[in-house]
Amino acid sequence: MSRPAGRPSADGGFVKEIPPKDAEFSDWYTAVVLKAELADYAPVRGCIVVRPYGYTIWELMQQGLDRRFKATGHTNAYFPLFIPQGFFAREAEHVEGFAPEIAWVTRGGGAELTEPLGVRPTSETIVGHMYARWIRSYRDLPVLINLWNNVVRWEKATRPFLRTMEFLWQEGHTAHRTEEEAEAEARQMLDVYRDFAERDLAIPVLAGRKPESEKFPGAAHSYTIEALMPDGQALQSGTSHNLGQNFARAFGIKFLDSDNAEKYAYTTSWGVSWRLLGGLIMVHGDDRGLALPPRVAPFQVVIVPILSGKERDAVLEEARALARRLAAAGVRARLDDRTEVTPGYKFNDWEMRGVPLRVELGPRDLARRQAVLVPRAGAKDTAALERIEAAVSEALEAYGTQLFHRAKRYLDEHIVPASTMAELVEAIAGRRGFVRVRWCGAATCEAALRQASGASPRVIVDEAADGACLACGAPGTQVVYYARAY
RNA sequence: CGGGGCGUAGCGCAGCCUGGUAGCGCGUCUGCUUUGGGAGCAGAAGGCCCCCGGUUCGAGUCCGGGCGCCCCGACCA
């Protein structure tokens, strides 16, 4: 962590105290989180305090997701933080998967509890318990509920946003009449996640199914969106699970169908967390700091007035009018009228915080009835004050598109095909990103590929295998992308 | 969880080896001058040297134990 104070970053920029992204990626990430005031370390191991600027980003992410959840028929509800110990044991795979990570409350009110309470690592069990009470008839289905909450998992190694002991997320829980309906739900929500990641966060992803070894404990099967980070590692960014009848059987979620037969429901669950915010930082940030796509930027535009000479009051007045006009046009604009720092300082400061667009307004602009528009890390342009709303909205749109395309190009360039086990091993060792692997579907072959490469199978995509399994030489049946993962 | 590194002013660090008055840069505060890519001058404030214990006349410094953070690896929803 130690480095010379004030060393200029690699691009010759002025942002101090942020290590170069390429050379010291981990330190760079931590520095951006702290310097941009997204979060700070809490006095509890593995926990963070999310500061207002970071929390605003999370709120904007919530809005983008929540809107999509509502549009697909879901409603929000709240379930308890504490889960009775016995609930975890009902589903065998589930308890095995989560047991090591559960925090237990054993005392309360000054006395030992008769039954310890687990702090939820996820809510499938307690949701299952309640769904069993609520569901009687096929007419009660489907149940489409989403929860915005916090969960706790006792992690050994933590990093801000990417893996914390307590984190914020959403978990959707649905119950359905048929297997087909549950499957459609799980796939639909995966697509919602993909759409959100790509449109709102400008993060391109690989979407598909999880191999058996990587699926959620207790799921029939899991789907995932996987994003690629600049260090060549994959970030599991969202998951959607078809839980089959596993939890329905464990918790007795039964209903009378129209054929008068009692049946178990089919359930799903799906979630994304503030880990997405970590991915956002890594994918778009640079040596100058954070870079935010417009849809989740707390301030989409910062207005910097150049307050010099006699025009001072006129400039400030026009800048205020500008801020009002942009706000009226639905743009999140912030006027930086601080007098204690220079414009140059503000430029660097807001770039470090990732604001997509800067609008400069000085005496010269005022005389010409124009403003200077500068996309973060982009070239200066001017726009007439008369059409500033349109110019700003176009610039924001262009900036967001540019972020996505840059990230997409990076992803595309870092998907490498492997025809042999040796090529897989070499590509992973070189940290080149996702490696496209043909696989026969056998668990033994998967284990062999994992063992040889040190990477894990991140996602099985919907593509036909175009050759033999890399492990055994039998005809390939699936295409799997391997990568080292967060 | 294993190996390594680091905890000293808000931030970045020196001081520790060889025990004896707590230092530097940036930032902060006050005043004046400034303001189109991190402004200048003058003055000032700011410290449980991570915590607990030990050695010593005396510990930021030496010894033991904890806690936290970072890096590499292992493990993992």
Side-chain angles (χ1 to χ4, degrees), chain A residues 1-9 12-19 24-31 33-35 37 40-48 93-94 96-102 121-122 124 151-160 162-165 167 169 171 210 213-219 222 224 231 235-239 241 269 271-273 275 288-289 304-309 311-312 315-316 336-352 358-366 371-372 374 376-377 380 382 454 456 458 484-486:
Chain A
M1 257 321 251
S2 87
R3 45 187 298 279
R7 186 178 63 196
S9 48
F14 297 97
V15 178
K16 297 169 184 168
E17 296 162 8
I18 296 179
E24 304 166 42
F25 186 65
S26 285
D27 287 346
W28 170 88
Y29 176 81
T30 305
V33 167
L34 297 177
K35 295 289 171 189
E37 297 181 346
D40 200 355
Y41 290 100
V44 181
R45 183 184 77 80
C47 294
I48 58 173
E93 278 186 28
H94 191 70
E96 191 188 333
F98 280 106
E101 302 194 329
I102 298 173
T122 179
E124 275 75 7
V151 289
V152 169
R153 297 179 185 179
W154 215 259
E155 301 286 355
K156 292 179 221 166
T158 60
R159 301 195 62 192
L162 299 172
R163 174 170 287 122
T164 46
M165 295 228 302
F167 57 91
W169 74 340
E171 43 177 326
K210 276 285 180 198
S213 61
E214 297 276 326
K215 77 176 170 62
F216 178 78
S222 295
T224 180
D231 60 354
L235 184 74
Q236 180 172 292
S237 303
T239 49
H241 316 290
S269 66
V272 298
S273 75
R275 171 181 259 202
R288 305 178 73 80
V304 179
I306 311 300
L307 302 172
S308 59
E311 311 291 333
R312 187 189 186 87
V315 168
L316 191 56
D336 187 351
D337 57 0
R338 286 178 291 176
T339 53
E340 68 272 23
V341 290
T342 62
Y345 181 93
K346 294 175 185 176
F347 298 167
N348 288 290
D349 195 36
W350 291 113
E351 280 172 12
M352 187 265 287
R358 177 174 79 243
V359 173
E360 297 172 26
L361 186 74
R364 295 203 295 272
D365 304 309
L366 208 56
V372 175
V374 193
R376 186 186 177 282
K380 292 194 179 190
T382 57
S456 52
R458 303 315 307 160
R484 290 157 50 91
Y486 271 86

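Side chains are part of it too, since the values below use all heavy atoms of this structure and drop only hydrogens, waters and symmetry mates. Throughout, protein chains are lettered first and strands after them, A, B, ... in sequence-line order, and every chain is numbered starting at 1. All values reported here derive from a predicted model rather than from experimental measurement.
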For this session: Report yes if a side-chain nitrogen or oxygen of A:Y29 is closer than 4.0 Å to either non-bridging phosphate oxygen (OP1 or OP2) of B:C70; otherwise report no.
Result: no
In whole Å, what separates the C1' atom of B:A74 from that of B:U56?
-> 44 Å
Exactly one candidate in A:Y29, A:W28, A:Y486 meets side-chain contact (heavy atoms from CB on, under 4.5 Å) with A:D231; the answer is A:Y486
### Task
Please state the C1' separation for the pair B:U8 and B:C48 - nearest whole angstrom.
12 Å
Review point. Less than 3.5 Å between a donor and an acceptor, one on the side chain of A:R364 and one on the base of B:G36, is that the case here?
Key: yes
Judged by nearest nucleotide, the residue sitting upstream toward the 5' end of RNA chain B, A:P43 or A:S26, is A:P43
Of all heavy-atom pairs linking A:H241 and A:A219, the shortest is CB-CB, 4.0 Å
Check: B:G36 base within 3.5 Å donor-acceptor of A:D365 side chain: yes
Any strand, both distances under 3.5 Å, Watson-Crick or G-U wobble: B:A42 pairs with B:U30
Q.
B:C71, OP1 or OP2 - any side-chain N/O from A:R159 closer than 4.0 Å?
A. yes
Shortest non-hydrogen pair, A:R458 vs A:T224, comes out as O-CG2, 3.6 Å
Nearest-nucleotide check on RNA chain B, A:D349 vs A:K210; residue mapping nearer the 5' end is A:D349
Winner on side-chain proximity to A:R312, out of B:C11, B:G37, B:U35, is B:U35
Scanning both residues in full, the closest heavy-atom pair of A:E214 with A:S456 reads OE2-CB, 3.8 Å
Applying the 3.5 Å cut-off to both distances, the Watson-Crick or G-U partner of B:C48 turns out to be none
If you restrict it to nitrogen or oxygen atoms, what contacts under 3.5 Å exist between nucleotides 73-76 of chain B and the protein, and what is each distance?
from	atom 1	to	atom 2	distance (Å)
B:G73	OP1	A:R431	NH2	3.2
B:G73	OP1	A:R484	NH2	3.4
B:C76	O2'	A:E101	OE2	3.1
B:C76	O2	A:R163	NH2	3.2

Using atom names, set out every protein N or O paired with an N or O of nucleotides 39-41 of chain B below 3.5 Å, distance rounded to 0.1 Å.
from	atom 1	to	atom 2	distance (Å)
B:A39	OP1	A:T342	OG1	3.3
B:A39	OP2	A:T342	OG1	2.5

Check whether the side chains of A:D336 and A:Y345 place a donor and an acceptor atom closer than 3.5 Å, and report yes or no.
no
Paired to B:C24 by Watson-Crick or G-U wobble criteria (both distances under 3.5 Å) is B:G12
Contacts of A:R358 meeting salt bridge (charged side-chain N to carboxylate O under 4.0 Å, His left out) (sequence neighbours excluded), chain-then-number -> A:E351, A:E360
Regarding the side chain of A:R45, the nearest nucleotide among B:G68, B:C70, B:U35 is B:G68
Problem set entry | Sugar-phosphate only, base, or nothing, as touched by A:V304 at under 4.0 Å among non-hydrogen atoms | nothing
